[in-house]
Amino acid sequence: MPAIHADEGSDPIRAARAALRVERRRVVDEREAFRAFRSRVSSIPGESGGTGPADASAPGGFAGVADAMRSAVGDGAGGRGDAAAAPGSRLVTVRDAYRATVMSVPHYAEEYDDTYERSVAEEFGPELAYALTRTDCFREEYKRSVLSAAETAVQEREAFLDAVESELESIDRAASRLDPIRSEIAAIDGELGDEGDDAAAGFGALDACRTRTAALRDDCDRIAARRQRVLAEHTRRLALDGDLDLPGYCYQDLDVTYPVLAAVGAVGDRLEALRERIERAMALAR
């Protein structure tokens with residue numbers, strides 16, 4: 001993911017929006033690549049015979065492949081992708097289709113840069129990857145599993161795309177609510193004038209300004225609370241690796257991991273400084 005940093009002193013939401021747009025484009029590209037791969041595989045006939053594991057279609061899936069995987073590792077045969085597929089094999093056709101679609105998205109080298117064997121293992125699981133790279137024919141049961149796995153990859157991208165769209169809506173909503181608060185802070189600051197002349201505004205006017213800042217602080221708290229609910233919903237809907245959440249993934253190259261909360265915090269700091277200034281002036285105006 002390319003680094004996108006907020007300009008010094010600018011709203012981190014702007015950088016978050018840019019990062020999300022990049023991520024949205026990449027997810028769409030991957031979804032369409034897996035759709036294209038699935039379409040290509042559907043037109044490749046399955047093969048019979050061969051020396052690969054014969055019970056790959058057994059309940060539980062790829063039991064024979066799993067046994068062969070353990071044997072290959074024990075014999076030191078691991079690490080050589082496409083070892084069993086002969087030129088002209090339909091397994092080679094599958095591999096070429098994968099490389100021409102999934103491994104050809106514009107960001108593949110930057111984001112993944114995996115070999116074919118590693119990529120299919122990550123996307124489809126190690127047993128199906130073994131079947132595609134270590135056996136010598138494209139069995140019908142392999143084809144069914146590849147088609148199912150490709151469809152799952154499409155569905156996962158669609159679910160993630162929904163989350164990215166929801167995240168974009170969330171940060172846009174937060175930005176639209178923070179902008180009026182910033183404008184109101186600037187207005188109050190302008191009414192107070194130069195900091196040394198704050199008391200000249202009069203106690204009543206200063207007290208009214210303090211009330212306004214308190215109301216703005218409440219608005220910030222509501223924005224932050226809503227944002228926390230959105231983050232919790234992302235966590236509930238998505239299953240990302242380890243402890244990684246959606247912001248942790250999408251904003252890993254930004255200056256902050258939680259840009260909306262960072263923006264709310266910055267506005268809150270301005271309000272706190274403004275409140276302290278007003279109360280100092282009120283003490284002098286009594």
Side-chain angles (χ1 to χ4, degrees), residues 1-30 105-107 110-112 157-190 192 195 209 212-278:
M1 184 177 297
I4 303 174
H5 301 289
D7 295 332
E8 183 68 26
S10 71
D11 187 349
I13 290 177
R14 292 170 53 197
R17 188 181 290 114
L20 286 171
R21 287 171 178 163
V22 170
E23 190 60 32
R24 179 173 59 186
R25 179 69 263 165
R26 291 183 170 187
V27 175
V28 169
D29 287 343
E30 290 183 16
V105 294
H107 60 278
E110 179 181 354
E111 186 82 2
Y112 304 110
R157 267 66 179 183
E158 288 179 340
F160 193 74
L161 183 60
D162 287 344
V164 170
E165 295 286 4
S166 175
E167 177 70 357
L168 271 167
E169 291 175 5
S170 176
I171 66 170
D172 284 344
R173 185 187 305 114
S176 69
R177 295 187 62 188
L178 283 172
D179 285 345
I181 297 175
R182 293 190 183 98
S183 297
E184 183 69 4
I185 291 172
I188 295 172
D189 194 60
L192 294 176
E195 187 158 357
C209 287
R212 288 159 65 190
T213 61
L216 295 174
R217 183 72 215 202
D218 290 341
D219 288 343
C220 284
D221 289 343
R222 282 190 287 271
I223 294 171
R226 183 183 183 115
R227 178 61 180 165
Q228 293 284 18
R229 289 194 296 272
V230 170
L231 294 176
E233 178 65 12
H234 287 330
T235 301
R236 186 185 68 81
R237 290 171 54 191
L238 289 176
L240 298 177
D241 292 339
D243 296 327
L244 196 64
D245 58 7
L246 183 70
Y249 177 78
C250 290
Y251 307 138
Q252 57 189 292
D253 293 314
L254 269 62
D255 297 328
V256 293
T257 303
Y258 299 98
V260 171
L261 296 179
V264 171
V267 171
D269 289 344
R270 290 180 61 189
L271 283 168
E272 180 62 19
L274 185 59
R275 182 191 64 78
E276 292 175 355
R277 177 185 170 188
I278 291 169

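All values below come from the heavy atoms of this structure, side chains included, with hydrogens, waters and symmetry mates left out. Just so you know, these numbers come straight off a predicted model, no measurement behind them.
Listed here is the closest heavy atom pair of Tyr258 and Asp245: OH-OD2, 2.7 Å. Considering every non-hydrogen atom in both Leu178 and Ala263, the closest pair reads CD1-CB, 3.9 Å. Residue Leu254 comes nearest to Ala15 through the heavy atom pair CD2-C, 3.7 Å, listed as atom of the first residue, atom of the second, then distance. Closest approach of Glu23 and Val164 over heavy atoms only: CG-CG2, 4.3 Å. Smallest separation of non-hydrogen atoms from Ala163 and His234: O-CE1, 3.7 Å. Listed here is the closest heavy atom pair of Ala16 and Pro259: CB-CG, 3.4 Å.
One distance of note links CZ of Arg212 with CG of Leu274; it measures 9.0 Å at 0.5 Å rounding. A distance of 7.5 Å separates CD1 in Ile171 from CZ in Arg227, rounded to the nearest 0.5 Å. In this structure, Leu271 CG and Arg182 CZ are separated by 10.5 Å, a value rounded to the nearest 0.5 Å. The CZ atom of Arg21 sits 14.0 Å away from the SG atom of Cys250 when rounded to the nearest 0.5 Å.
For the side-chain contact (heavy atoms from CB on, under 4.5 Å) criterion with Leu231, the lone passing option out of Glu233, Arg229, Gln228 is Gln228.
Between Leu216 and Ile188, some side-chain heavy-atom pair lies under the 4.5 Å cut-off. Residues Val27 and Glu30 fail the side-chain proximity criterion, which asks for heavy atoms closer than 4.5 Å. Under the 4.5 Å side-chain criterion, counting only non-hydrogen atoms from C-beta, Leu192 is in contact with Arg277. The shortest distance between side-chain heavy atoms of Val230 and Val260 does not fall below 4.5 Å. With contacts defined as side-chain heavy-atom distances shorter than 4.5 Å, the pair Leu20/Tyr251 qualifies. Using a 4.5 Å heavy-atom cutoff, the side chains of Asp172 and Arg17 are in contact. At least one side-chain heavy atom of Ile223 sits less than 4.5 Å from a side-chain heavy atom of Ile181. For the pair Val267/Arg270, no side-chain contact is recorded, criterion being any heavy-atom separation below 4.5 Å from C-beta on.
Under a 3.5 Å cut-off, the side chain of Arg217 and the backbone N or O of Gly268 do form a donor-acceptor pair. Distance alone, capped at 3.5 Å, is enough to place a donor-acceptor pair between the Ser183 side chain and the Asp179 backbone.
Ion pairing between Asp29 and Arg25 holds under the 4.0 Å rule for side-chain N and carboxylate O.
Aromatic ring orientation, Phe160 versus Tyr249: perpendicular (interplanar angle above 60°, classes split at 30° and 60°).
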Could you walk me through whether Arg24 and Leu168 pass the side chain to side chain contact (heavy atoms under 4.5 Å, CB included) check?
CA-CA 10 Å; Arg24 179 173 59 186; Leu168 271 167; 3.3 Å; yes
Can Asp218 and Arg222 be said to form a salt bridge (Lys or Arg N to Asp or Glu O under 4.0 Å), step by step?
CA-CA 6 Å; Asp218 290 341; Arg222 282 190 287 271; 5.2 Å; no
